[in-house]
Amino acid sequence: MDELKQLTVDSIRAGLRAKRFSARELAQEALRVGEAENGGSGVYLSLTPERALAAADRVDAELAAGEEIGPLAGVPLAVKDVIMTRGEKTTCASRALEHFVAPYDATAVERVERAGAVIVGKTNCDEFAMGSSNENSAFFPVRNPAAPDRVPGGSSGGSAAAVAGGYAPISLGSDTGGSIRQPASFCGAVGIMPTYGRVSRYGLVAFASSLDHIGPFSRTVKDSALLLGTIAGPDPLDSTAASAPVPDYAGELTAQVRGLKIGIPKEYYGEGLESAVGAKVQAGVELLRSLGCEPVEISLPHTRYAIASYYLICTAEASSNLARYDGVRYSRRSESSGTLRDMYRNSRAEAFGPEVTRRIILGTYVLSSGYYDAYYRKAQEVRALIARDFAEAFETVDAIVTPVSPFPAFKLGEKTSDPLQMYLSDIYTITGSLAGIAGMSVPCGETPEGLPVGLQILTNHFQEKTMLNLGHAFEQAGGFEG
Ligand code: GLN
């Protein structure tokens, strides 16, 4: 069965019904590919064979009994290793949690399994989701399926590469400042950051709680719509999960986008944008115009303060969230500890890699008395201004279209020595994160070197339907070939 690379949720459903394969055979194939190819790609941190086969057998039994099967029945799905899967390792790609076994399922995990999905493994990522290249994994990096000497993006690099590289048709990732959209664009997958609160964060290991989201990756917009519809909605276990009703995203998908006004923010098309990426994105905008959309130039004037604001807020929240990994309540305890003080100090020093350490120190600093007003509070004020920029823009436009990243996938090791260069990867994605709105990356062709480029579509809070329709129309019109 070499079809795994091409399969979508619909084609799996059809194949299962026609008995061309069973859910067990499909799960076995996904596990085989995961096992055989991981040495080269680094996509998975662990596989979950028992869980996968048990889930697949349930689907096969339902089919044999002529029962109704769930919307994701039999579909192999990979889960980023910052999302809890009961009884399975959940390491956050950190030495701190190298042997940690999750005691419960994330709500998103429970919902995909209830819909019949078959979780085949936990994907590699940057440590605690901090990074833009997957090189901050404590274990090994991920290679980009389109160019193995290049990064897949981050932090959800494994989940993006799993989908783009043919390991599983769909996966779950997390996005705090771009960690779904940027790797989706680097690998040539569809990736969605839903509106903040659209998907429960219960069971997502916290990095920056006011910015963290769980979201889908897939090969087609329709599959992301299906996966989003499955995981979205209120959850008594997460008070920030919104009660807004969940539309039938996949069922109501239409390629009819005529008349939609598309904002083109001038701040996203200037200095720093590589011309090969800019050219693809401009061609994408023209394709949308040919579908009847009306592009209009807009301004989001506070964009230039976004990186500074984001890296103050996310580090402040991270320093607080990661305080729990102290070798006592969570994370591995250092063996070389004479006094209690040494035990805390050594446990934390041994647990975290350099990027996580840098963020904890920076975040602790900006929250400390004397610096709080100068840094943390200012950053929050800037965040409010960025949100206001978007609110004003959405008074006149239905969606905003931009590049996802200023450059395509870069070479492994190219930016590791310069954190600021790495942070620039997020320049077009963190604004939407700070505003709490919805965003997606949809494939938009390749650079002359053959590297995937993503088009970012942003819509206002809970306007995922418009975003998905635009992405779907773009994909149907061949936007990825452009
Ligand atoms: N690359 C960004 C960072 O390093 C975003 C990470 C994320 O979205 N989890 O913080």
Side-chain angles (χ1 to χ4, degrees), residues 79-83 92-94 123-137 141-142 151-160 171-187 191-194 196 199 201 204-217 306-319 321-322 352-363 366 379 383 404-407 409-410 414-416 418-441 454 456 458:
V79 178
K80 185 178 182 181
D81 212 20
V82 293
I83 300 174
C92 300
S94 178
T123 57
N124 203 350
C125 54
D126 285 301
E127 185 176 10
F128 285 103
M130 299 179 194
S132 309
S133 69
N134 217 118
E135 291 164 297
N136 296 336
S137 167
V142 177
V151 304
S155 63
S156 313
S159 290
S171 65
L172 290 177
S174 71
D175 191 313
T176 302
S179 277
I180 290 177
R181 291 161 287 161
Q182 186 254 22
S185 83
F186 277 20
C187 293
I192 293 182
M193 173 188 72
Y196 185 79
V199 174
R201 285 182 295 113
L204 170 63
V205 176
F207 156 20
S209 310
S210 77
L211 293 156
D212 291 342
H213 310 70
I214 292 178
F217 285 97
I307 291 216
S309 164
Y310 170 82
Y311 277 96
L312 294 171
I313 293 170
C314 84
T315 55
E317 293 188 24
S319 73
N321 276 325
L322 272 64
F352 300 129
E355 182 62 25
V356 174
T357 305
R358 181 180 302 119
R359 294 196 190 199
I360 292 173
I361 293 172
L362 181 59
V366 304
R383 181 178 190 172
V404 175
S405 159
F407 34 71
F410 43 89
E414 192 179 317
K415 294 186 196 288
T416 37
D418 186 348
L420 287 180
Q421 272 301 319
M422 193 70 95
Y423 295 171
L424 281 176
S425 306
D426 311 320
I427 192 156
Y428 304 137
T429 48
I430 54 179
T431 45
S433 313
L434 289 166
I437 59 175
M440 78 188 288
S441 177
Q456 179 171 236
L458 297 160

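As the structure lists them, so they are numbered: ligands from 1, and atoms in each ligand from 1.
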> How far is atom 2 (C) of ligand 1 from its nearest protein heavy atom, and which residue and atom name does that atom have?
Replying inline: Asp426 OD2, 3.2 Å
> When only distance counts, is Cys314 in polar contact with ligand 1, meaning an N/O pair under 3.5 Å?
Replying inline: no
> Would you say Tyr311 touches ligand 1, if touching means a heavy atom closer than 4.0 Å?
Replying inline: yes
> Please state which protein non-hydrogen atom is closest to atom 5 (C) of ligand 1 and give its distance, to 0.1 Å?
Replying inline: Tyr310 OH, 3.3 Å
> Do Gln456 side-chain atoms and Met440 backbone N/O form a donor-acceptor pair below 3.5 Å?
Replying inline: no
> Which atoms of ligand 1 sit under 4.0 Å from any heavy atom of Ala129?
Replying inline: 6 (C), 7 (C), 9 (N)
> Quick one: does Ser171's side chain get under 4.5 Å of Lys80's, heavy atoms only?
Replying inline: no
> Just checking, any donor-acceptor pair under 3.5 angstrom between side chains of Thr431 and Arg383?
Replying inline: no
>> Using side-chain heavy atoms (C-beta onward) and a distance below 4.5 Å, is Glu135 in contact with Val151?
In response: yes
>> Between Ser179 and Ser155 (side chain of the first, backbone of the second, donor and acceptor by atom type, cut-off under 3.5 Å), is there such a pair?
In response: yes
> Quick one: does Ser209's side chain have a donor or acceptor within less than 3.5 Å of a partner on Ala206's backbone?
Replying inline: no
> Which of the atoms of ligand 1 are close to Ser155, meaning less than 4.0 Å from one of its heavy atoms?
Replying inline: 9 (N)
> Does an N or O anywhere in Thr176 fall below 3.5 Å from an N or O of ligand 1?
Replying inline: yes
> Between Lys80, Glu355, Arg359, which one has a non-hydrogen atom sitting closest to atom 4 (O) of ligand 1?
Replying inline: Arg359
> Which atoms of ligand 1 have any heavy atom of Gly177 under 4.0 Å away?
Replying inline: 5 (C), 7 (C), 8 (O)
> Of all the atoms in ligand 1, which lie at a distance below 4.0 Å from a heavy atom belonging to Gly131?
Replying inline: 1 (N), 2 (C), 3 (C), 4 (O), 6 (C)
> Please state which protein non-hydrogen atom is closest to atom 6 (C) of ligand 1 and give its distance, to 0.1 Å?
Replying inline: Ser179 OG, 2.8 Å
>> Below a 4.0 angstrom heavy-atom separation, can you tell me which part of Phe207, side chain or backbone, both or neither, approaches ligand 1?
In response: side chain
> Does NZ or CZ of Lys415 lie under 6.0 Å from the centre of the six-membered ring of Tyr423, at an angle within 45° of the ring axis?
Replying inline: no
> Is there a donor-acceptor contact under 3.5 Å linking the side chains of Glu317 and Ser210?
Replying inline: yes
